[in-house]
Amino acid sequence: MKIGLLKGIIAFAVLLLVQVLVFNHIHLFNCATPLLYVYMPMLFSRNNSRWVVLLLSFFMGMSIDVFQNTPGVAMATMTFIGLIQPLILGVFMQQDSEADIVPSMRTLGVAKFSYYSFIITFLYCLVFFTLETFTFFNWLQWLETVGASTLLTYILILVLENLRRS
């Protein structure tokens, strides 16, 4: 358990550094920004307590806010993802499956993991950019940003999962 926690902390630190140093400077077509750190709460296993998932998501979001200068936006969105992640994971897992399964392409299958990661990524981008914009004055740009960032983040998550799988 302690080795898994240490690996998770190191993986999040690496994703946070890559996000801050590289991905924050990518704005494809002035609307698509990859938000790869949303990959971390996707990997919480089914047997984790709800309060542990919420607490870890809260601290991940807070550390992202510190480095991205988005006061409370990533923290609120990551906490929301931590809240709904077990519910969405339950939809894609069988009720009689093992409790300590970590969601991946290997354990869920390619199709189920793809749907699972797309739903989490879409909800994250929807809530994140809604809170960041906090207005629907320019709703067309908001839709473009949510859609393009979801697609770009989703593709990067699938690439990262394929690299992790092999």
Side-chain angles (χ1 to χ4, degrees), residues 1-28 30-92 100-104 113 116-136 141-143 145-161 163-164:
M1 180 66 183
K2 292 180 182 180
I3 301 277
L5 181 64
L6 185 63
K7 283 182 182 179
I9 291 171
I10 291 171
F12 179 71
V14 168
L15 278 178
L16 182 64
L17 283 174
V18 169
Q19 180 69 40
V20 169
L21 298 175
V22 178
F23 290 147
N24 280 351
H25 303 290
I26 296 174
H27 303 291
L28 292 178
N30 203 21
C31 65
T33 303
L35 304 169
L36 194 58
Y37 53 83
V38 73
Y39 182 62
M40 287 306 296
M42 283 185 201
L43 299 180
F44 289 142
S45 66
R46 192 169 153 186
N47 66 343
N48 287 341
S49 315
R50 296 285 295 253
W51 69 272
V52 171
V53 171
L54 281 173
L55 198 63
L56 288 173
S57 297
F58 174 82
F59 284 120
M60 281 190 249
M62 187 172 65
S63 61
I64 291 162
D65 279 335
V66 166
F67 290 108
Q68 279 190 333
N69 198 19
T70 54
V73 175
M75 183 174 55
T77 310
M78 289 289 276
T79 306
F80 173 72
I81 293 299
L83 179 70
I84 65 167
Q85 184 265 348
L87 302 172
I88 295 173
L89 182 59
V91 170
F92 292 102
D100 61 345
I101 291 178
V102 175
S104 68
F113 183 79
Y116 167 71
S117 61
F118 182 79
I119 289 170
I120 295 281
T121 304
F122 173 71
L123 288 174
Y124 183 84
C125 289
L126 181 73
V127 173
F128 182 84
F129 289 113
T130 301
L131 289 175
E132 186 181 55
T133 305
F134 209 67
T135 182
F136 290 110
Q141 183 178 3
W142 171 77
L143 281 175
T145 304
V146 169
S149 294
T150 298
L151 187 64
L152 185 59
T153 304
Y154 173 68
I155 290 169
L156 288 173
I157 286 173
L158 291 181
V159 167
L160 189 61
E161 181 64 25
L163 290 174
R164 191 178 85 123

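Any value given below was found using the heavy atoms of this structure, including those in side chains, with hydrogens, waters and symmetry copies removed.
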Measuring from atom [atom1] of [X] to atom [atom2] of [Y], what distance do you get when rounded to the nearest 0.5 angstrom?
{"X": "Leu126", "Y": "Leu143", "atom1": "CG", "atom2": "CG", "answer": "9.0 Å"}
{"X": "Ser149", "Y": "Leu28", "atom1": "OG", "atom2": "CG", "answer": "9.0 Å"}
{"X": "Phe92", "Y": "Ile119", "atom1": "CZ", "atom2": "CD1", "answer": "4.0 Å"}
{"X": "Ile120", "Y": "Leu43", "atom1": "CD1", "atom2": "CG", "answer": "10.5 Å"}
{"X": "Leu16", "Y": "Leu21", "atom1": "CG", "atom2": "CG", "answer": "8.5 Å"}
{"X": "Leu156", "Y": "Ile26", "atom1": "CG", "atom2": "CD1", "answer": "8.0 Å"}

Any side-chain heavy atom of [X] within less than 4.5 Å of one from [Y]?
{"X": "Ser104", "Y": "Arg164", "result": "yes"}
{"X": "Leu89", "Y": "Tyr116", "result": "yes"}
{"X": "Asn24", "Y": "Phe67", "result": "no"}
{"X": "Leu131", "Y": "Val127", "result": "yes"}
{"X": "Leu152", "Y": "Thr33", "result": "no"}
{"X": "Ser117", "Y": "Leu158", "result": "yes"}
{"X": "Leu87", "Y": "Arg50", "result": "yes"}

What pairs of donor and acceptor atoms, side-chain ones from residues 7-15 against any protein atom, are under 3.5 angstrom apart with sequence neighbours left out?
none

Problem - Worked verdict on Asn48 versus Ser45 for side chain to side chain contact (heavy atoms under 4.5 Å, CB included) - result: CA-CA 6 Å; Asn48 287 341; Ser45 66; 3.5 Å; yes
Handout entry: Residues that Phe129 engages under ring-ring contact (aromatic ring centres under 6.0 Å, His included), provided they are two or more places apart
Key = none
Handout entry: Tyr154: ring-ring contact (aromatic ring centres under 6.0 Å, His included) partners, not counting sequence neighbours
Key = Phe118
Which atom pairs, one a donor and one an acceptor, fall under 3.5 Å between side chains of residues 74-82 and the rest of the protein, sequence neighbours left out?
from  : atom 1 : to    : atom 2 : distance (Å)
Thr77 : OG1    : Val73 : O      : 2.7
Thr79 : OG1    : Met75 : O      : 2.7

Can you see which heavy atom on [X] is nearest to which on [Y], and at what distance?
{"X": "Met42", "Y": "Pro103", "value": "O-CG, 3.3 Å"}
{"X": "Ala148", "Y": "Ala32", "value": "CB-CB, 3.5 Å"}
{"X": "Gln141", "Y": "Asn30", "value": "NE2-O, 4.3 Å"}
{"X": "Thr150", "Y": "Phe122", "value": "CG2-CA, 3.7 Å"}

Handout entry: Backbone N/O of Pro34 and side chain of Gln19: donor-acceptor pair under 3.5 Å
Key = yes
Handout entry: Thr133: side-chain contact (heavy atoms from CB on, under 4.5 Å) partners, not counting sequence neighbours
Key = Thr135, Trp142
Exercise for the section: For residues 44-66, pull every pair meeting ring pair (Phe, Tyr, Trp, His ring centres under 6.0 Å), keeping only residues two or more places apart or in separate chains. Expected result: none
Exercise for the section: I would like to know whether Leu123 and Ile88 meet side chain to side chain contact (heavy atoms under 4.5 Å, CB included); could you show each step before the answer? Expected result: CA-CA 11 Å; Leu123 288 174; Ile88 295 173; 3.8 Å; yes
